[in-house]
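In what follows, a single structure is set out as structure tokens and then discussed.
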Amino acid sequence: TVGAVALDANGNLAAATSTGGMTNKKWGRIGDSPIIGAGTYANNNTCAVSCTGHGEYFIRDVVAYDISALMEYKKLSLKDAAEEVVMKKLVTDGGEGGIIAVDKDGNYTMTFNSEGMYRGVITADGKVWVGIYK
Amino acid sequence: MNKIILVVHGGAGTITKQSMTPEKEKAYTEGLTVALEAGYKILKNRGSSLDAVSAAVVTLEDNPLFNAGKGSVFTSEGKNEMDASIMDGKTRKAGAVASVNTIKNPIKAARLVMDKSPHVLMTGKGAIRFAQENGLEIVDSSYFHTDFRYDQWQKSIKHDKIQLDHSGDKDPKGWLKTETEKKFG
């Protein structure tokens, strides 16, 4: 799975996710990537989220929307909302994976409970950071 | 001008230093950097976040290292079945495609569904027809083949298991069962 989230000069957020799914998956099996609210979500009032991992858990836990909802209704910060969903709820349910997200103020997080996640960020000054391991 | 920023991912899982060679690490780092720069070029010129995330994901779909587009994994039938979605934070419009196997860039099809259809999610033959009628590049499914993913699939079959896209480093015992445990009364 691959994904991207962005904040543009007009203050608009967007999220995108694309995947080949799981090796040897059953024919017609769909994971979270094409499901809005599970693998992808964007709302200018809160954040943009793209997910990767064991799709069945991300669907059941409605991960991408849940992070946005925690920000909107419980006023959690992006980082705290992501920690709550990825490092607590998903781990409790046994769901492995991670998310990238950016909020309307340009704060971002790359939160994952697996051993690694291919990830990177480029900031307004054009500076690039890329990571692979924890 | 608002603070512009772009974040990308290329998948999560059991990715460990032990299994990574310096060449692979460099190739993955380069792939992610190319994606970041593709999106940043748009943001820097006051382009939209929608265009930026689309451009970034297209480069990752075209990179056989990542499990999306070229380099996608194989299903139990030996096919590449892909999915993609996109969402606009401003309008909360969204588009997605699922179970497609001949659209070169599934994320472009998801964007088309959002921009040019009254729907959010289109699947299979209908999604492919919609993409074709709107001028997207349709390729033979062999385009998506990579030996690395094919070998991974063969290994999964041998162990009768399912694998997350980056869990190859895990012991096959840790992979997912193809059938849920049969619960006997």
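Residue numbers begin at 1 in each chain, while the letters A, B, ... track the order of the sequences. Owing to the predicted nature of the structure, the values given are computational and were not obtained by experimental measurement.
Side chains of B:Asp83 and A:Ser18 form no contact here, defined as non-hydrogen atoms less than 4.5 Å apart. Counting heavy atoms from C-beta outward, A:Arg29 and B:Glu81 have side chains that stay 4.5 Å or more apart. Looking only at side-chain heavy atoms (C-beta outward), A:Asn12 and B:Thr91 stay at 4.5 Å or farther from each other. Counting heavy atoms from C-beta on, the side chains of A:Ile132 and B:Glu25 come closer than 4.5 Å. Residues A:Val121 and B:Ile5 meet the side-chain proximity criterion, which asks for heavy atoms closer than 4.5 Å. The closest side-chain heavy-atom distance from B:Phe74 to A:Thr23 is not below 4.5 Å. Within the 4.5 Å cutoff, side-chain heavy atoms of A:Met110 are placed close to those of B:Val7. Residues B:Arg46 and A:Asn10 form a side-chain contact, since some pair of their non-hydrogen atoms from C-beta on lies under 4.5 Å apart.
For B:Val120, the part lying under 4.5 angstrom from a heavy atom of chain A is the side chain only. Neither the backbone nor the side chain of B:Asn80 comes within less than 4.5 Å of any heavy atom in chain A. There is no contact between B:Ala110 and chain A, counting heavy-atom distances below 4.5 Å. Both the backbone and the side chain of B:Ile157 come within less than 4.5 Å of a heavy atom of chain A. Neither the backbone nor the side chain of A:Lys134 has a heavy atom closer than 4.5 Å to any heavy atom of chain B.
For the pair B:Leu6 and A:Ala6, the tightest heavy-atom approach, listed with the atom from each and the gap, is CD1-CB, 3.9 Å. Among all heavy-atom pairs drawn from B:Ser76 and A:Trp27, the shortest one is OG-CE3, 3.2 Å.
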Is there a side-chain contact (heavy atoms from CB on, under 4.5 Å) between B:Leu36 and A:Val130 once you walk through the steps?
-> CA-CA 9 Å; B:Leu36 288 167; A:Val130 169; 4.2 Å; yes
Evaluate the criterion side-chain contact (heavy atoms from CB on, under 4.5 Å) for residue pair B:Ile4 and A:Leu7; output intermediate values, then yes/no.
-> CA-CA 5 Å; B:Ile4 57 173; A:Leu7 173 67; over 6 Å; no
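With chain B as partner, the option from A:Gly126, A:Ala124, A:Gly106 having the largest number of non-hydrogen pairs under 4.5 angstrom is A:Ala124. For the options A:Gly131, A:Gly98, A:Cys51, heavy-atom pairs under 4.5 Å to chain B are most numerous at A:Cys51.
Annotation for B:Lys108: atom NZ does not count as buried by contact number, only 12 or fewer foreign heavy atoms lying within 6.0 Å. Heavy-atom contacts from other residues, nucleotides or ligands closer than 6.0 Å to NZ of B:Lys79 number 12 or fewer. Annotation: B:Phe130, atom CZ; neighbour count of heavy atoms from other residues, nucleotides and ligands within 6.0 Å is above 12. Annotation: B:Lys70, atom NZ; neighbour count of heavy atoms from other residues, nucleotides and ligands within 6.0 Å is above 12.
Remark: side-chain polar atoms of B:Tyr40 are not paired, donor with acceptor, to backbone N or O of A:Val128 under 3.5 angstrom. Looking at A:Asp8, its side chain does come within 3.5 Å of a backbone N or O of B:Ser49 through a donor-acceptor pair. Looking only at distances, no side-chain donor or acceptor of B:Asp88 sits under 3.5 Å from a matching main-chain atom of A:Ala14.
Within the structure, the ring-ring contact (aromatic ring centres under 6.0 Å, His included) test picks out no pair touching residues 4-27 of chain B (sequence neighbours left out).
By the rule that hydrophobic residues join a cluster once side-chain heavy atoms approach within less than 4.5 Å of another member, B:Tyr28 and B:Leu60 end up as members of one cluster. Taking hydrophobic clusters as Ile, Leu, Val, Met, Phe, Trp and Tyr residues chained together by side-chain heavy-atom distances below 4.5 Å, B:Val100 does not share a cluster with B:Ile86.
Relative orientation of the B:Phe66 and A:Tyr118 rings is perpendicular, given thresholds of 30° and 60° on the angle between their planes.
Residues of residues 37-50 of chain A placed with any heavy atom under 4.5 Å of a heavy atom in chain B are listed by number as A:Thr40, A:Tyr41, A:Ala42, A:Asn43, A:Asn44, A:Asn45, A:Ser50.
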